[in-house]
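Read the numbers this way: they start at 1 and go in the same order the structure lists the ligands and their atoms.
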Amino acid sequence: MERDEVAADTIAAVATPPGRGGIGIVRISGPNVPELARTVLGKLPAARLATLSVARDLRGMSLDQGIALYYPAPHSYTGEDVLEFQGHGGIAVMQAVLAAFVDAGARLAEPGEYTRRAFFNDRLDLAQAEAVADLIDASSKEAARSALRSLSGEFSRSIEAIVEALVELRALTEALLDFPEEEVDTLHRDDAYRRLERVRAALVDILAKSRRGSLLREGIHVVIAGRPNVGKSSLLNRLAGEERAIVTPIPGTTRDLVREDIAIEGVPLHVVDTAGLRETADEVERIGVERAWQELGRADVVIAMFEANAGVGPEDQAILARFESELPAGAARIEVFNKIDLCAEPALVGDSAALRISAKTGAGIDHLRQALLAAAGWTRGGGETVFLARERHLRALGRAASHLETAAQEAARWELFAEELRLAQEALSEITGAFTSDDLLGEIFRRFCIGK
Ligand SMILES: Nc1nc2c(ncn2[C@@H]2O[C@H](COP(=O)(O)OP(=O)(O)OP(=O)(O)O)[C@@H](O)[C@H]2O)c(=O)[nH]1
Ligand SMILES: [Mg+2]
């Protein structure tokens, strides 16, 4: 289906997850819904009225009894005629009802096809359509809340407000273009600058909210590293709340990466425990150490771990030195001194920015949790707005911001100024889908589940 084209076929899918459940829903959407309802259910239910119905196959054999709901176009999820049959949630019964609609002339829906139709019929813009998938996939209450905010259109409205301001500014600039430079009075010029600054400030604000949201969506990649035996695996277990990694007093216990997903204040963290970093003749351990360095090269946040009673020794210094070249440019580092329960005077160890913990007793772990969130750029703030943005949105916002920055420098040359504004507007319009290639649309909807 292309944009602005009315779908000719009617699609069908089981909208509930496969498996056993109290209720299972078969959903069909498209122009033939009334005819299909008459064939399979014997009648078309009245609009939006829960109607007890029996689904039958083409030979008239009963398959299931349930509630049918008919949503006539355009007041439905897809904007087309939609029928939902709520039957019993078993795999066989749902497949049989689905097959009956297909035998009657419906086509099996592709992943995301309902939402794609909703987008093409202007029921949702692209950012909202993406929020549908994000809401379904949300792994925490906070992520779900942010996805819902985008779905309700709050994110799109903030973007559109900026686009509108840009359009006004462009109109103003076009008017300035018609005058010779010397006749453009300072009043107009100052007005253009002021407007540009307002737009830039609004964009910075959305970008910050979106970055926070992207953390909620993607999670933070945390790698625990240090020399053998400092307590890395013990810390992973402590953060996970269960005995995930093997812990022994033998240096070189961990040889492979141990991954664990945890959440702090609803922010997902992908924590990785690694082999203790050292030179070794043991082949297995050597590979483990190599993997540790590879993992460190992809970290958002690194927990550099030392022993409190040993302090930062020469081996630790060597590791810290290598961090300089191996860690990604934007990675944050948290230095942690472990085993403070063994220290007589824990307060004296390490520099003041470092954290002191005991993976064994749990002391200092709450501080570490907060430090992890802070290092990833997550600031605490209860009701603060967060947009569950995707990488795609962040890139578009970033592009728009840099065009506006260039515009600010081109303020004396109105043609260039206007062109940068146009490019910024184009980047922003990609987010809501007003300006998006069909390839990208295909990519976005393919990632949906079937039946959505
Ligand atoms: N007293 C005390 N012992 C700890 C603490 N954390 C870890 N240990 C002990 O230190 C030893 C090593 O702990 P691990 O968690 O295996 O250390 P690791 O850094 O993963 O070691 P490798 O996997 O060999 O690199 C074990 O005997 C732990 O019980 C702590 O906070 N206090
Ligand atoms: Mg270990």
Side-chain angles (χ1 to χ4, degrees), residues 221-262 264 269-299 301-323 326-327 331 333-351 353-372 375:
H221 185 187
V222 180
V223 179
I224 310 175
R227 59 184 173 74
N229 226 34
V230 292
K232 299 179 294 298
S233 302
S234 305
L235 175 62
L236 178 84
N237 293 346
R238 171 62 67 177
L239 289 172
E242 57 180 313
E243 300 302 306
R244 285 280 292 118
I246 299 171
V247 169
T248 75
I250 306 162
T253 300
T254 306
R255 272 120 183 273
D256 215 335
L257 303 172
V258 182
R259 299 175 190 278
E260 186 66 19
D261 288 341
I262 64 165
I264 302 176
L269 280 77
H270 315 294
V271 186
V272 188
D273 174 30
T274 60
L277 301 170
R278 66 169 169 185
E279 299 285 329
T280 169
D282 184 306
E283 179 68 3
V284 181
E285 193 184 350
R286 198 183 54 73
I287 296 171
V289 171
E290 229 164 71
R291 290 190 176 182
W293 282 113
Q294 274 169 18
E295 197 65 18
L296 280 162
R298 290 194 288 264
V301 180
V302 172
I303 299 181
M305 201 174 212
F306 315 100
E307 263 176 342
N309 46 10
V312 180
E315 294 107 326
D316 302 305
Q317 296 285 11
I319 292 170
L320 285 173
R322 196 166 160 192
F323 276 175
E326 304 265 348
L327 300 192
R333 202 161 78 195
I334 301 175
E335 303 197 345
V336 168
F337 289 83
N338 186 32
K339 309 196 187 182
I340 51 165
D341 56 297
L342 297 180
C343 292
E345 199 58 73
L348 298 177
V349 185
D351 67 62
L355 288 168
R356 297 158 186 82
I357 66 161
S358 168
K360 187 174 176 180
T361 66
I365 299 294
D366 278 338
H367 271 119
L368 175 59
R369 289 197 180 97
Q370 291 308 319
L372 281 168

How does [X] reach ligand 1, if at all, at less than 4.0 Å between non-hydrogen atoms: by side chain, backbone, both, or neither?
{"X": "N229", "result": "both"}
{"X": "T248", "result": "backbone"}
{"X": "P251", "result": "backbone"}
{"X": "D341", "result": "side chain"}

Are any of the N/O atoms in [X] less than 3.5 Å from those in ligand 1?
{"X": "K360", "answer": "yes"}
{"X": "V247", "answer": "no"}
{"X": "T274", "answer": "no"}
{"X": "T361", "answer": "no"}
{"X": "A359", "answer": "yes"}
{"X": "G252", "answer": "yes"}
{"X": "P228", "answer": "no"}

Under 4.0 Å to a heavy atom of G276 - the qualifying atoms of ligand 1, by number: 25 (O)

Enumerated ligand 1 atoms positioned under 4.0 Å from heavy atoms of K232: 15 (O), 17 (O), 18 (P), 19 (O), 20 (O), 21 (O), 22 (P), 25 (O)

L235 to ligand 1, any heavy atom closer than 4.0 Å: no

Salt bridge (Lys or Arg N to Asp or Glu O under 4.0 Å) between R244 and D273, intermediate numbers included: CA-CA 10 Å; R244 285 280 292 118; D273 174 30; over 6 Å; no

Aromatic plane relationship, F323 with W293 - under 30° parallel, 30 to 60° tilted, over 60° perpendicular: perpendicular

N/O/S atom of T254 inside 2.8 Å of the Mg ion (ligand 2), strictly under: yes

S234 backbone or side-chain N/O/S under 2.8 Å from the Mg ion (ligand 2): no

